[in-house]
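Worth knowing before you read on, the calculation uses all heavy atoms, side chains too, and leaves out hydrogens, waters and symmetry mates.
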Amino acid sequence: MTTATRKGLALAILAATTASAAPAETIFLSTQLRPIEEATAVRQELLKGLDGVDYVVEEPPQFAVRMAAEAEAGKHTISLVGATHGELAPLADRNMLTPLDDIAAALKDKGITPALMDLGKLGHDHQQYIPWMQATYVMVAKQEALEFLPEGADLNALTYEQLIAWGKAMQEATGQARIGFPAGPKGLFSRFFQGYLYPSYTGGVVRTFKSPEAVKGWEMMKALWAVTNPSSTNYGFMQEPLLADEVWVAWDHVARLKEAVVSMPDQVKVFPAPAGPKGRGYMPVVAGLAIPQGSPDVAGAEKVIAHLVTPEVQLMTAEKVGFFPTLSVPLPEGGDPGIAAMAAAVTATQTASDGMISLLPVGLGDKGGEFNKVYTDTFQRIVLNGEDIQAVLDAEAKALSGLMETTKAPCWAPDAKSDGPCPVE
């Protein structure tokens with residue numbers, strides 16, 4: 001996208017935002033809970049009782065453009081934003097967020113874990129966002145699959161080798177590949193590579209992209225795909241093929257598995273993703289609430305934040321959209337057993353002794369889609385097209401390196417920190 005095109009898009013977005021947002025007092029712009037069912041739950045239930053709040057959703061790349069457009073024009077319409085840690089970090093680095101130290105202090109005794117609150121500083125001296133909700137990616141297995149689990153395998157301590165053996169056993173017994181991934185156009189398959197395969201096999205994501213360990217990881221992926229339902233390239237939300245009995249074992253974001261687990265809690269097991277030679281890579285998804293500099297309704301934004309981090313609304317968020325509390329509040333006894341099962345799997349993931357956190361990308365701005373494409377293109381070339389692994393990694397590494405140089409994005413966990421753009425070594 002040329003500079004002129006980007007500026008034109010920014011102005012168009014700003015004009016559209018101004019025109020559509022004018023009637024409301026508090027515009028709440030979010031990159032999270034975008035699907036219509038989730039957005040409806042936010043508007044009708046999670047924000048119930050708050051007047052004059054307009055919940056507007058935006059894709060992450062457009063979110064970055066929109067926020068930059070408002071800052072550059074000096075004409076602000078957005079009062080509150082909800083976005084992931086990685087999406088908010090560039091805004092904080094450009095001094096586009098209002099410090100929230102007072103709100104953080106007021107919430108100190110409300111139960112937000114100190115580690116999460118510290119994340120909300122984004123490496124700065126002042127609080128940049130208030131942790132709103134959290135999630136991760138987990139696996140779900142239907143009851144029918146459990147009899148084929150390899151002998152001695154523990155669902156909460158599964159390895160990729162055991163997952164492949166499990167898939168082979170199901171395929172041999174049923175004549176069908178029963179493992180599924182959200183590898184369709186609307187799926188989140190890129191996060192599997194960035195948060196699970198690469199950390200588990202290489203201990204990094206960017207630095208280790210073309211390493212010998214990465215070759216081993218892609219060799220594993222080819223073996224895993226051989227026992228994966230080929231319709232996975234059409235899947236967006238894995239709850240649907242689970243409910244349709246097309247797959248028996250699936251990996252996805254908890255919010256995109258929720259309907260299947262809630263619909264048949266006694267027929268499924270929820271558990272952490274497998275481990276590789278370097279550990280059990282996983283990607284925590286922490287979404288925060290931030291107030292932009294120049295917010296036209298700071299008081300309204302603060303009111304929405306206070307509302308969304310109450311225990312009642314935090315628990316409702318888990319129930320309605322499958323994102324879990326940032327407050328240390330137990331799920332109520334007698335509540336939905338499916339939600340409880342997912343919460344237990346999230347806890348098992350976060351507390352695994354071999355767990356390795358892989359943060360969502362930080363500092364990519366509107367280039368996040370291009371970053372994801374490097375990994376999905378690599379998958380397509382190696383796994384679907386059968387190209388030589390090292391040759392593909394060497395070629396795609398050039399695109400990845402160029403992207404890091406263009407965005408100047410420093411390394412994020414689990415890669416070691418860098419002084420400048422994260423290098424592909």
With a 6.0 Å cut-off on ring centres, are Phe28 and Trp132 close enough? yes
What pair of heavy atoms forms the shortest contact from Ala135 to Val254, and how long is it? CB-CG2, 3.6 Å
Donor-acceptor pair, side chain of Ser263 and main chain of Ala260, under 3.5 angstrom: no
Looking at Gln127 and Met117, would you say the former's side chain and the latter's main chain have a donor-acceptor pair under 3.5 Å? yes
Inter-residue atom distance Ile27.CD1 - Asp54.CG, 0.5 Å rounding: 4.5 Å
Are any of the side-chain heavy atoms of Leu384 and Thr233 separated by less than 4.5 Å? yes
When you measure from the side chain of Thr228 to the backbone N and O of Gly180, does any donor-acceptor pair fall under 3.5 Å? no
Taking Glu37 for its side chain and Pro35 for its backbone only, find out whether a donor-acceptor pair lies under 3.5 Å. no
Any donor-acceptor pair under 3.5 Å linking the side chain of Gln134 with the backbone of Thr326? no
Apply salt bridge (Lys or Arg N to Asp or Glu O under 4.0 Å) to residues Arg34 and Glu58 and explain how you reach the verdict. CA-CA 7 Å; Arg34 297 191 309 270; Glu58 187 66 275; over 6 Å; no
Heavy-atom pair of closest approach, residues Met238 and Pro182: SD-N, 3.5 Å
For the residue pair Phe189 and Phe379, does the interplanar ring angle fall in the parallel (under 30°), tilted (30 to 60°) or perpendicular (over 60°) class? perpendicular
Thr31 and Glu87: side-chain donor and acceptor closer than 3.5 Å? yes
Any Lys/Arg nitrogen of Lys142 or Asp245 sitting under 4.0 Å from an Asp/Glu carboxylate oxygen of the other? yes
Taking the side chain as everything from C-beta on, heavy atoms only, tell me whether Ile164 gets closer than 4.5 Å to Met220. yes
Between Glu387 and Ile382, is a side-chain contact (heavy atoms from CB on, under 4.5 Å) present by the stated rule, with each step listed? CA-CA 5 Å; Glu387 297 181 42; Ile382 292 173; 5.6 Å; no
Closest contact, heavy atoms only, Ala275 versus Arg280: N-NH1, 3.3 Å
Holding to salt bridge (Lys or Arg N to Asp or Glu O under 4.0 Å), I want the full list of residues that pass it with Glu144, two or more places apart in sequence or in another chain. none
Under 3.5 Å, is there a donor-acceptor pair between the side chain of Thr407 and the main chain of Leu403? yes
Donor + acceptor pair across side chains of Glu246, Tyr235 (<3.5 Å): yes
Under 3.5 Å, is there a donor-acceptor pair between the side chain of Glu396 and the main chain of Asp377? no
Should Pro414 and Pro199 count as side-chain neighbours, where that means a heavy-atom distance under 4.5 Å? yes
Residues Met139 and Pro274: closest non-hydrogen pair is SD-CD, 3.6 Å
Would you compute the distance between atom CE of Met221 and atom OG1 of Thr378 and round it to the nearest 0.5 angstrom? 12.5 Å
CG of Leu197 to CG of Leu224: how many Å apart, nearest 0.5 Å? 9.0 Å
For the residue pair Trp166 and Phe271, categorise the inter-ring angle as parallel (less than 30°), tilted (30 to 60°) or perpendicular (more than 60°). tilted
Between Glu70 and Lys75, does any NZ, NE, NH1 or NH2 come within less than 4.0 Å of an OD or OE carboxylate oxygen? no
Could you walk me through whether Val205 and Ser358 satisfy the side-chain contact (heavy atoms from CB on, under 4.5 Å) test, starting with their C-alpha distance in whole Å, then the side-chain angles of each, then the deciding distance to 0.1 Å, before giving a yes or no? CA-CA 8 Å; Val205 178; Ser358 180; 3.6 Å; yes
Say whether, by atom type as modelled, one donor and one acceptor occur between the side chain of Gln162 and the main chain of Thr159 under 3.5 angstrom. yes
Is the closest basic N to carboxylate O distance between Asp252 and Arg256 below 4.0 Å? no
Taking Gln176 for its side chain and Val247 for its backbone only, find out whether a donor-acceptor pair lies under 3.5 Å. no
Do the rings of Trp251 and Phe192 sit parallel, tilted or perpendicular, given the 30° and 60° boundaries? perpendicular
One pair to check against side-chain contact (heavy atoms from CB on, under 4.5 Å): Lys417 and Trp412. What are the steps and the verdict? CA-CA 6 Å; Lys417 291 183 179 180; Trp412 57 87; over 6 Å; no
Under the side chain to side chain donor-acceptor pair (under 3.5 Å) definition, can you give me all pairs with a residue in residues 181-208, not counting sequence neighbours? Thr136-Tyr196, Arg191-Gln194, Arg191-Asn372, Gln194-Asn372, Tyr198-Trp218, Thr202-Thr208, Arg207-Glu425
If we only count heavy atoms from C-beta on, is the Val81 to Leu88 side-chain gap below 4.5 Å? yes
Could you tell me the separation between the NE2 atom of His253 and the OH atom of Tyr137, rounded to the nearest 0.5 Å? 5.0 Å
Would you say the side chain of Val304 lies within less than 4.5 Å of the side chain of Leu289, judging by non-hydrogen atoms? no
His85 and Leu119 have their tightest heavy-atom pair at CE1-O, 3.3 Å
To check you understand the geometry: which heavy-atom pair defines the closest contact between Tyr375 and Leu400, and what is its length? OH-CD2, 3.9 Å
Taking only residues two or more places apart in sequence or in another chain, which ones pass salt bridge (Lys or Arg N to Asp or Glu O under 4.0 Å) with Glu259? none
CD of Gln171 to CZ of Arg178: how many Å apart, nearest 0.5 Å? 10.5 Å
Atom pair CG (Leu33) and CD (Glu38), whose distance is rounded to the nearest 0.5 Å: 5.0 Å
Leu29 side chain reached by Tyr55 side chain, heavy atoms, under 4.5 Å: no
Please report the C-alpha distance between Ile291 and Tyr129 in whole Å, then the side-chain angles of each, then the deciding distance to 0.1 Å, and finally whether the side-chain contact (heavy atoms from CB on, under 4.5 Å) criterion is met. CA-CA 8 Å; Ile291 299 177; Tyr129 72 77; over 6 Å; no
Quick check: does any side chain N or O of Thr376 sit under 3.5 Å from a backbone N or O of Lys373, one acting as donor and the other as acceptor? yes
Pro423 vs Ser418 side-chain heavy atoms within contact, under 4.5 Å: yes
Ion pair present between Glu370 and Lys367, side-chain N to carboxylate O less than 4.0 angstrom? yes
Could you check if a side-chain atom of His124 sits within less than 4.5 angstrom of a side-chain atom of Leu97, using non-hydrogen atoms only? no
